[in-house]
Number of protein chains: 2
Amino acid sequence: MAKYTGLSVATISKYINGGNVLDSNRDSIGEAVKILDYKVNEIARGLKTRKSKTVGVLIPKLDSIFTTTIVSHIEGVLQENGYGTIICDYRRDPGLEAVKLEFLLGKSVDGIIIMPLALEAEQLQKIIKNDIPVIFIDRSVKGFGSDVVMADNLNASYSATEYLITRGHRRIGFICGPRDIHTAQERLKGYLRVHGDYRLKIDEALIKYGDYEIESGYNYTKELLDILKPPAAIFATNYEMTIGAIMALNERSVKIPDEVSFIGFDNIHLADLVKPPLSIVVQPMRQIGETAGSLMMRRLKGDRTGFPSIIRLKTELLIKDSVRDISGVV
Amino acid sequence: MAKYTGLSVATISKYINGGNVLDSNRDSIGEAVKILDYKVNEIARGLKTRKSKTVGVLIPKLDSIFTTTIVSHIEGVLQENGYGTIICDYRRDPGLEAVKLEFLLGKSVDGIIIMPLALEAEQLQKIIKNDIPVIFIDRSVKGFGSDVVMADNLNASYSATEYLITRGHRRIGFICGPRDIHTAQERLKGYLRVHGDYRLKIDEALIKYGDYEIESGYNYTKELLDILKPPAAIFATNYEMTIGAIMALNERSVKIPDEVSFIGFDNIHLADLVKPPLSIVVQPMRQIGETAGSLMMRRLKGDRTGFPSIIRLKTELLIKDSVRDISGVV
DNA sequence: AAAAGCGGGTTAATCGTTTAGCTCCATATG
DNA sequence: CATATGGAGCTAAACGATTAACCCGCTTTT
């Protein structure tokens, strides 16, 4: 390049990075770029600027629509800004989670977006010594002050449960996520709070702690059906457990909503696939991804306004035909 | 590092890259690594070796289990080998497809794994001027000699259709993918070939060309139900169209398999979710991902044996209860 | 005993950028 | 007219590794 134009590399660097260059030179460099098909070598640039123009995305699993839809939109925003997205799936393995986090840092990513599982603040602190931006999605890590983008899980669960209550349901089976996951705690809180607000007693037997996998949705639904006074409604609180619950209900030939009313989570496709169409809590996956992506871009540009910001995005309760109104029935 | 040990950087480089170093020095360097918490700067290394230790993965959509499961296993293999996976979702947009491909190359990836849509050989040739390894998954690009890893679509479709035929079905609705996609062509070939082998006539009205989206599965299923002599069985040939088909059948309250027999594709979760459980053609997603990943690793190591290799992986026909045996019925 | 071989080290160039600091020249200012 | 001012370009040093070329001294070979 320098040779072709007869200019020094410094001038060319100026041209590329928008410095002052004479029009005539500007033209000749532009021409050279075309002819030599010049592309900046981002690696060399990265060495100098200590920026790799990539961000790492660390997620628990890549085979769940919820996660991948978010990732897809993160990737979209980042790519528009010239940033690459290095993805790491830790397969819900706490060991891998830390390993892959280190791996990402080894690749000198400029920022990290994490959907954490078992990661703890201390550990994070140790692994991430340079202060690159970290954004959590869906869940946060206690004691680690950082931006978080998540759905408003508490209200999501509150209003779904409230919907059941106002339709006359009093015994509502609740298939919850793991006790140690923040999202799950929030969803449980919503369930509990609405019971309090409506002065309803809580029957612990109706609360099942699953592990967010199909299997547990399946097993706990069966358990719920088997207790002495089975619930008149079941609320499954994530994508996979919704699938499992439906499998169990189908297997037992339980009629929805005649015998049991049902509300699921996330699984918007599923909603219309089974008969009758299911009422579903829908998380704003696209919005979560885009918000996380653009927040990351802001942080990468050095804008620390509002740090650490906790962004809760509204969920939607999609009403279909899987809930029976028994409020009139005595 | 060099300062700490009193050795030259060259010696340290040898240590890192496995050259001959005196035991005593080896120890002291090892100690220095610990104390200084030294990590090789892959960017600097990349500048010299012209390797970024990252592989680009270009896919049409990140919100389909089929794709993401594959990506997840690709990522797994690559990560084990120290390679990062930069992902790009082109959202089934041919424009974006080329743009993101260039983007990936701009990030100096060492190799590229593509699930192509509209990309053509010529275009590819132009974009990829340096001869980095390219591996196609699921579909190939005509005229571009490169490794391909895919499911054996022809046989998959052949045996699913054959299964229907041997159960007495003669009019089999076939919801095919787009005419210009190789995978879809292969699946169609299987359908046609088995008809030939069994000396059955083909009714063009039973073949619907969808676009691999839910919507088209839904619409074409309805169309199939509406023709004068509707098919006794329907075979949907991808994940999304299987969902759509089931939605349509549900909406029309068509009983499976009493009124219509059904075989779906890929959607293994769905299989048990609906009543009755669906028979499904299952692609070996994990195997596709792992094969593509390790093939990429081999190519990156310079092993060109068998190039270009076209790897077809066996699919499985998962038999459940959605097909009625009418071979005895006259 | 001299030559050859080799293990283990060093030096210095290099990869392709960015950037601080300098020079040069033209224009504006007092 | 002498002096600031500042635009545009250049030089050269970095960034942190790899690597070719070379050197030293010990062992082995003849």
Side-chain angles (χ1 to χ4, degrees), chain A residues 1-54 82-84 103 105-110 129-130 132 300-302, chain B residues 1-33 35-54 82-84 102-103 105-110 129-130 132 300-302:
Chain A
M1 271 292 287
K3 228 176 284 171
Y4 185 90
T5 54
L7 294 164
S8 80
V9 288
T11 310
I12 291 165
S13 180
K14 257 189 199 162
Y15 167 88
I16 291 165
N17 300 306
N20 287 324
V21 179
L22 273 192
D23 280 355
S24 64
N25 287 330
R26 187 177 299 280
D27 291 347
S28 74
I29 296 178
E31 188 196 321
V33 166
K34 276 233 172 56
I35 294 189
L36 303 178
D37 189 33
Y38 170 84
K39 301 263 156 55
V40 297
N41 178 327
E42 301 230 19
I43 302 222
R45 172 183 285 173
L47 178 57
K48 187 66 192 180
T49 60
R50 350 212 93 252
K51 299 253 135 57
S52 63
K53 286 270 215 165
T54 55
Y83 277 75
F103 175 79
L105 289 161
K107 291 263 165 252
S108 9
V109 292
D110 296 342
K129 45 214 84 167
N130 39 354
I132 63 173
L300 286 172
K301 281 175 193 144
Chain B
M1 272 290 287
K3 230 177 281 171
Y4 185 90
T5 56
L7 295 164
S8 79
V9 288
T11 311
I12 290 164
S13 181
K14 259 188 197 163
Y15 166 87
I16 291 164
N17 299 305
N20 287 324
V21 180
L22 272 192
D23 281 354
S24 64
N25 286 332
R26 185 177 301 278
D27 291 347
S28 74
I29 296 178
E31 189 196 319
V33 166
I35 294 188
L36 304 178
D37 188 34
Y38 171 84
K39 301 262 157 56
V40 296
N41 179 329
E42 301 230 18
I43 302 222
R45 172 184 285 173
L47 177 57
K48 186 64 192 183
T49 61
R50 347 212 94 253
K51 300 254 135 61
S52 63
K53 287 269 214 167
T54 54
Y83 278 75
E102 290 207 59
F103 175 79
L105 288 162
K107 291 264 166 251
S108 9
V109 292
D110 297 341
K129 45 214 85 170
N130 38 354
I132 64 173
L300 287 172
K301 283 175 190 144

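Chain naming here is simple, since letters A, B, ... match the order of the sequence lines and numbering starts at 1 in each.
- Across the protein-nucleic acid pair, Tyr15(B) atom OH and dG8(C) atom P stand 15 Å apart, rounded to whole Å.
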Which protein N or O atoms sit under 3.5 Å from an N or O of nucleotides 11-15 of chain C?
unit_1: dT14(C); atom_1: O2; unit_2: Lys48(B); atom_2: NZ; d: 2.7
unit_1: dC15(C); atom_1: O3'; unit_2: Arg50(B); atom_2: NH2; d: 2.5

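- Residue Glu42(B) contributes atom CD, which lies 16 Å from atom C1' of dC15(D) at whole-angstrom precision.
- Listed by chain and residue number, nothing satisfies the side-chain hydrogen bond (donor to acceptor under 3.5 Å, both in side chains) test with Ser28(B) (two or more places apart in sequence, or in another chain).
- Rounded to whole Å, the distance from CD1 on Ile16(A) to C1' on dG16(C) is 10 Å.
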Without placing hydrogens or testing angles, list every side-chain donor-acceptor pair under 3.5 Å for residues 2-9 of chain B, not counting sequence neighbours.
unit_1: Thr5(B); atom_1: OG1; unit_2: Met1(B); atom_2: O; d: 3.1
unit_1: Thr5(B); atom_1: OG1; unit_2: Ala2(B); atom_2: O; d: 3.3
unit_1: Thr5(B); atom_1: OG1; unit_2: Leu7(B); atom_2: N; d: 3.3
unit_1: Ser8(B); atom_1: OG; unit_2: Ala10(B); atom_2: N; d: 3.3
unit_1: Ser8(B); atom_1: OG; unit_2: Thr11(B); atom_2: N; d: 3.4
unit_1: Ser8(B); atom_1: OG; unit_2: Thr11(B); atom_2: OG1; d: 3.2

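- Phosphate proximity of dG16(C) to Arg45(A): absent, as no side-chain N or O sits under 4.0 Å from OP1 or OP2.
- Applying the 4.0 Å criterion to OP1 and OP2 of dT18(D), one finds that Ser13(B) has a side-chain N or O inside that range.
- Evaluation of the salt bridge (Lys or Arg N to Asp or Glu O under 4.0 Å) test over residues 28-37 of chain A, restricted to residues two or more places apart or in two chains, returns Asp37(A)-Lys39(A), Asp37(A)-Lys129(B).
- At a non-hydrogen distance threshold of 4.0 Å, Tyr38(A), Lys39(A) from residues 29-39 of chain A come into contact with DNA chain C.
- Applying the side-chain hydrogen bond (donor to acceptor under 3.5 Å, both in side chains) criterion to Asp110(B), with sequence neighbours excluded, gives Ser52(B).
- When rounded to the nearest whole Å, the span between CG of Leu22(B) and C1' of dT10(C) equals 14 Å.
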